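As a basis for the values below, the full set of heavy atoms in this structure was taken, side chains included, without hydrogen atoms, waters or symmetry mates. From a predicted model like this one, the values you see are computed outputs, not experimental measurements. We count residues from 1, following the sequence as given.
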Amino acid sequence: MYWSMQQHVSSHIPGEGRVSDEYLTMSLPKPVMRGLLGKRLRFHLPIAFSLALIAAAAFKFTVTEPRKQAYADYYKQYDAMKEFNAMKEAGVFESVRPSGE
């Protein structure tokens with residue numbers, strides 16, 4: 001594997017019968033650092049914005065709308081005076097005596 005990444009510079013040293021130890025190693029290209037943040041933001045920012053909108057819409061239609069409907073249904077049938085009389089009879093209030101006393 002090591003030999004495949006090297007290029008031979010001099011083929012043969014006369015008189016020795018072996019290959020020279022001078023090798024030019026191939027290197028990887030330098031990473032492009034200039035403008036890297038801008039490039040990654042141009043790619044990831046629209047994706048993040050889209051996912052945030054999708055999550056907000058999903059939360060609105062799966063959590064808040066059913067919750068608002070449940071509150072509306074509850075208060076359509078809610079009778080405040082009936083609830084007050086039930087709590088009064090149970091002795092919840094100190095300032096109002098139950099009707100049995």
Side-chain angles (χ1 to χ4, degrees):
M1 190 68 171
Y2 179 72
W3 293 100
S4 66
M5 293 181 66
Q6 295 181 343
Q7 290 179 346
H8 187 2
V9 174
S10 66
S11 61
H12 183 73
I13 298 175
E16 291 193 15
R18 63 182 174 153
V19 178
S20 169
D21 289 337
E22 293 182 31
Y23 287 100
L24 177 66
T25 59
M26 295 177 61
S27 62
L28 296 173
K30 288 185 177 181
V32 178
M33 300 302 283
R34 185 178 302 268
L36 183 63
L37 177 63
K39 181 181 175 185
R40 291 184 60 85
L41 280 177
R42 276 192 298 278
F43 178 75
H44 287 101
L45 200 59
I47 294 172
F49 190 71
S50 303
L51 289 176
L53 283 177
I54 290 169
F59 186 80
K60 176 180 173 32
F61 291 115
T62 60
V63 176
T64 59
E65 291 299 324
R67 184 179 292 171
K68 285 187 341 187
Q69 187 61 42
Y71 276 111
D73 293 343
Y74 175 77
Y75 281 110
K76 280 180 189 174
Q77 302 171 6
Y78 183 72
D79 184 14
M81 282 309 292
K82 181 180 173 186
E83 197 72 28
F84 170 73
N85 288 331
M87 288 190 286
K88 182 175 80 169
E89 295 302 322
V92 173
F93 305 115
E94 293 179 9
S95 61
V96 180
R97 294 183 183 209
S99 61
E101 288 185 18

In short, Gly91 meets Pro98 closest at the heavy-atom pair CA-CG, 4.3 Å

Is there any ring pair (Phe, Tyr, Trp, His ring centres under 6.0 Å) pair reaching into residues 77-96, and which pairs are they, with sequence neighbours excluded? Tyr74-Tyr78, Tyr75-Tyr78, Phe84-Phe93

Under the side chain to side chain donor-acceptor pair (under 3.5 Å) criterion, do Gln69 and Asp73 qualify, and how do the steps go? CA-CA 6 Å; Gln69 187 61 42; Asp73 293 343; 3.0 Å; yes

According to a 4.5 Å side-chain heavy-atom criterion applied to Ile, Leu, Val, Met, Phe, Trp and Tyr, with indirect links allowed, do Met81 and Val92 form part of one hydrophobic cluster? yes

Following the transitive rule for hydrophobic clusters with a side-chain heavy-atom cut-off under 4.5 Å over Ile, Leu, Val, Met, Phe, Trp and Tyr, establish whether Leu51 and Phe43 coincide in one cluster. yes

Just wondering, more than 12 heavy atoms not from Lys39 lying within 6.0 Å of its NZ? no

Donor + acceptor pair across side chains of Asn85, Glu89 (<3.5 Å): no

Any pair with a residue in residues 54-67 that passes salt bridge (charged side-chain N to carboxylate O under 4.0 Å, His left out), sequence neighbours left out, goes on the list, sorted by first then second residue, please. Lys60-Glu65, Glu65-Lys68

The criterion is ring pair (Phe, Tyr, Trp, His ring centres under 6.0 Å); which residues satisfy it with Tyr71, sequence neighbours excluded? none

